[in-house]
Every structure is written in C-alpha cells, then in structure tokens.
Participant: 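Mind looking over this structure? Questions follow.
Numbering of residues begins at 1 and proceeds along the displayed sequence. Note that ligands are numbered from 1 as they come in the structure, with each ligand's atoms numbered from 1 the same way. Just so it is clear, the structure is predicted and the values come from calculations on it, not from any experiment.
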Amino acid sequence: MHERILIVDFGSQYTQLIARRVREHRVFSEVTPPAQALARSAGGDLRGIILSGGPASAYAADAPRLPPEILDRGVPVLGICYGMQWLCEALGGAVAPGERREFGATDLEVVEAGGLFAGVPPRTRVWMSHGDRVERLPTGFRRLARSASCPEAAIGDPERRLYGLQFHPEVAHTPEGATVLGNFLHGICGCNHDWTPGDLADELVRQVAEQVGQDGEVVLGLSGGVDSSVVGAVCERAIGRRCHAIFVDNGLLRAGERELVESTFRDHFRLDLTVVDAADRFLARLAGVTDPERKRKIIGHEFVEVFRRQAARFAGARFLAQGTLYPDVIESVAAHGGPTAVIKSHHNVGGLPEDLEMELVEPLRLLFKDEVRELGRHLGLPEAMVARQPFPGPGLAVRCVGECTPERLEILRRADRIVREEFEARGEQEGVWQYFAVLTGARSVGVMGDGRTYEEACAIRAVQSQDGMTADWVYPSRECLQAIASRVINEIQGINRVVLDITSKPPGTIEWE
Ligand code: XMP
C-alpha cells in the first residue's frame, strides 16, 4: 500500500495544482470534498493532510468546515490560505477581514528558518490571493514568516505538527513553493516518495478496466496528439482490443497529419484504427459561418455524430474515450464534488450534447500536459508522439479567422507547414509549447513584380507555456522569421504579408478563435 496525503478541497481554483505538486514529489494524494474528509482521513497509510484554499471567509456562517476530530488523526496538517484560516478558527484563533487585500507577488520574510522553511532564503517572493487574514494565533502556534501586509504569512505549532500558509506554495509564481511543500511532505510527514509514474499508469489502467467492465467496448476519439494517444495506451492495457480507435479526417488537419497519425498508430498500437473521411461533411456545415463560437459548436456536433455512427458498429460500445486534461475541465472544484459545485467540461471535441447516450472515459482528466507526456513515455510511446506540440480539437478552423473555405484552409495548411519546417530546421521548437501559422482574415495592399496585390496577412504564433493556461510569446531568431516570411510570400498565392503575434495569455488566448 502506498503512503497517502489527503487534500481537502475547500473550493480553491488551485486544489488540483496542489495534487499535482504532491505527485511531483512522488507522493500519492487523494482529493476529497470537506463532507467526506473525516472518513477519508482514517487509515494507516495516511501521512498528512493538506487543506486547500477556498472562496469563503472562515468566520462566515455558511463557510465550509471540517469536524475538529480530523485534527486528532496524529498526522501533520498544512492549511493553505482558507485552509489555514479554518485551522485557526477551529483551534481558538481569530480571522478577520484584512486592512488591505493582497493579490499577486509579495515579498516574504522568513522569521523561523528550518522546518517548513529549510533551504528557503530569508527573503523570497510568494504568491498571495486573499482578503481575510489571521488576527490572533491559536495557543501553541507561532509566526514562521511574515509579509508587509500580512504579519501571519506562515504559522506553525511544530509540537502538534500543525502548519498554515497564507500564500500559495502550489503556484509556479512562488519559486520556493516546491521546497516548502517538499519540507512538509518529507521532513514533517516523513513520506518516502514511493509513488512513481508506473504506479500512476497502473492506477489509471485499473480505473478504466473497472469502469468499462468485463464486456464493455470503447470508441476512442484519436486526434494524433499526445493526450488521446496516451488514453489509447491506457485503454489498450486495460481492455485490449475492446477499444476501437477512430480518427476523423475533418478537413481541418495540418499538412501530413493523417498519414503521420496512421503510420505512428499502426507502429505502436495493437488496436484497430478506423479513419473516417468526413472532410466534405464538416466543410459543408462550416460553409458561410464566420462566428468563432458557432464554428466550434458545429465542429463539436459533427464529431459527436461521427462517433455515434462508429459506435453503432460495435455491439457493446457504450463508452467514448477522450484525452480530456485538467485544464480542459473548467470548473476545478466540481471535479471532486467540492463545495462550489457545477461540473462544466470543455471537451476536446468542442462540447458534447446532453443526450450523448455514451459514458465518457477520461482517464487523464485530473492531469496536466507535462504529466501526460511523462506518462506516455512510461507507457512506451515514441518521443515523436509524446513531444508533439498540442493541436486543438477544432483543428485549423480556430486559426482560420472568418470562413473556413477549402481554398483558405489549403493556404493556411501550406503556411503552417512552412512555419513548422523553419522552426524545426533550426531547432527553435525546443522548449516552445506551440508554433503555428494563423490566417488572419486581414487583407492589405502589396506590390509583387510590377503589380499590385491585395491579399491576406499570415500571423506567426509561437508561445511558451507550462500547461496552456497562461502563456508568453516567443521571439524566433531573425533568420527564422526571415525564412518564413520569404517562403510564405513567395510560395503561397493568397498571402502577401507576414506578421508576428506578440500577445501573451492573458490577455490574449493562444489560438485566435
Ligand atoms: P487557448 O486558445 O484557449 O488555448 O489559449 C489553450 C490551449 O488549448 C488548446 N485548445 C484546444 N484544445 N480543444 C482542444 O483539444 C479545443 O477546443 C481547444 N481550444 C484550444 C490550444 O491549442 C492551446 O494549446
């Protein structure tokens, strides 16, 4: 049995990030809503409890609370933000609205080195996001760190092994966050870090086998990207040939995509693959449509129709498997039935109807992209498949601003191929999350030979990101930009101008639609 950390979800946007950070320390964690926390905190495998942040005020009548007995389990407890405030209230301290709200990067001064702050410099930056603050510490607690507007930025009662952090150690903007969490897991909880990617793979395989049962069959929506390929590998292990992969050529694919997906799939999977030629159907539905949301809806709807028809070919195919990842799941808390309810999934196929009549199999829905890549490597998928840049479900449609005619899509496809080739020829794709071309719909005047042109502008979009939720634009070398601009304009009729998109996310999004 693996040692376990219990994460109580008080409704924070970051709860799943906490779980991810704990996994990074090779420790198994389980996320639970407050109502089940006491029951889930029993068991000899439990090494510690982490209480997440949340939107409530600890002093509000309707704030989520835990039975105080959870603190008598004999394991260390770390409260983060609201979690710390609940801890203080529960133990006789006091929480009140702060004089100033604190959002974003803040300087932290470590008051007590060692323990939770072992290896952390005396001054460091942390990410804060709170309005309330702890005004009076419970008996036995003392201050471990402070910030200018939050005297009790980190607190602890080392004797009882109870700790609280007002800042968020789980977000990337807290550079020493991993060290602090590591100190909690290792130094304080005594975890021995025995949860490997192999264990995660085994667990996912077990879950899929259990969900699908002895005779269920699964239709897998294969896109050729890393997520659905990893789902394929998990399903293959879980249910073998009862998984049927379906790849839809919707006319919105990149150049060479269909051939690449077919050959890589046949080389690495023992599942049957059906390639559905649906380009005419998708493009007919998209004719004359320019509104980005309508385009997405139409594409999602058409995908579902294809999957439905394909599922009808297999007697027991009650399941649709997809490579949905955590960032696709818009409402985080609901993923665990936490206090802020409402599940709203953003699916790879662009939204599913309520009467789908198929049960979803989404083994990766609590994971992040880089974790899925690690998992894929562990499952033996080739590096070329695992390291591929993400490609959105709606395909080139979200990069072809305006109407998706076959002609414009072909122009975009050729421009995109050039962008990819020039990045890859120079190794400039290393460390870049995505790099592609956008057909902007903006037309401008140019001069070629002795003639006037009036054609479209192509944008180069390249971004760096950890999970697609935030992103920074990338500055390719001058040589790379020059090669792209010159080739695109010389080789493709229909584009007479090339621009570089230098918008980060937020405020932009990575895709243009
Ligand atoms: P945005 O444009 O929202 O994209 O900044 C963030 C990341 O998600 C990808 N993306 C999608 N992936 N189905 C997908 O599977 C979609 O509908 C979709 N829309 C955007 C995008 O390529 C980027 O990596």
Participant: Among Leu17, Thr15, Val180, which residue meets the side chain to side chain contact (heavy atoms under 4.5 Å, CB included) test with Glu170?
Facilitator: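 Single side chain to side chain contact (heavy atoms under 4.5 Å, CB included) partner of Glu170 among Leu17, Thr15, Val180: Leu17.
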
Participant: Which residue pairs pass the side chain to side chain donor-acceptor pair (under 3.5 Å) test with at least one member in residues 243-253, sequence neighbours excluded?
Facilitator: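 Side chain to side chain donor-acceptor pair (under 3.5 Å) check on residues 243-253 returns Glu217-His244, His244-Asp272, Asp249-Arg258.
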
Participant: Would you say ligand 1 has an N or O under 3.5 Å from any N or O of Gly393?
Facilitator: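 So ligand 1 has an N or O lying under 3.5 Å from an N or O of Gly393.
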
Participant: Considering distance alone, does some N or O of Ile510 sit under 3.5 Å from an N or O of ligand 1?
Facilitator: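 Ile510 vs ligand 1: N/O contact under 3.5 Å present.
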
Participant: Say whether Trp433, considering both its backbone and side-chain N or O atoms, lies within less than 3.5 Å of an N or O atom on ligand 1.
Facilitator: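 Trp433 vs ligand 1: N/O contact under 3.5 Å present.
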
Participant: For residues 429-443, which residue pairs pass the salt bridge (Lys or Arg N to Asp or Glu O under 4.0 Å) check, not counting sequence neighbours?
Facilitator: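 Residue pairs passing salt bridge (Lys or Arg N to Asp or Glu O under 4.0 Å), neighbours aside: none found.
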
Participant: Closer than 3.5 angstrom, by distance alone: can the side chain of Glu236 be matched with the main-chain N or O of Arg241 as a donor-acceptor pair?
Facilitator: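 Such a contact is absent between Glu236 side chain and Arg241 backbone.
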
Participant: Under a 3.5 Å distance rule, please check whether Glu362 uses its side chain to pair with a backbone N or O of Thr324 as donor and acceptor.
Facilitator: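 It does not hold such a pair.
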
Participant: Go through ligand 1 atom by atom and flag the ones less than 4.0 Å from a non-hydrogen atom of Lys505.
Facilitator: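 Every atom of ligand 1 under 4.0 Å from some heavy atom of Lys505: 1 (P), 3 (O), 5 (O), 6 (C).
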
Participant: Just which atoms of ligand 1 are under 4.0 Å from any heavy atom in Thr509?
Facilitator: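 Every atom of ligand 1 under 4.0 Å from some heavy atom of Thr509: 1 (P), 2 (O), 5 (O).
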
Participant: For Pro394, take its heavy atoms, then give the atoms of ligand 1 lying under 4.0 Å from any of them.
Facilitator: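 Near Pro394, meaning under 4.0 Å from one of its heavy atoms, ligand 1 has 13 (N), 16 (C), 17 (O).
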
Participant: Which ligand 1 atoms, with their elements, are less than 4.0 angstrom from a heavy-atom of Gly468?
Facilitator: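 Those of ligand 1 that fall under 4.0 Å from Gly468 are 6 (C).
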
Participant: Would you mind checking if Arg414 and Glu491 are paired as a salt bridge, meaning a charged N to carboxylate O distance below 4.0 Å?
Facilitator: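 A salt bridge is absent here (no side-chain N lies under 4.0 Å from a carboxylate O).
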
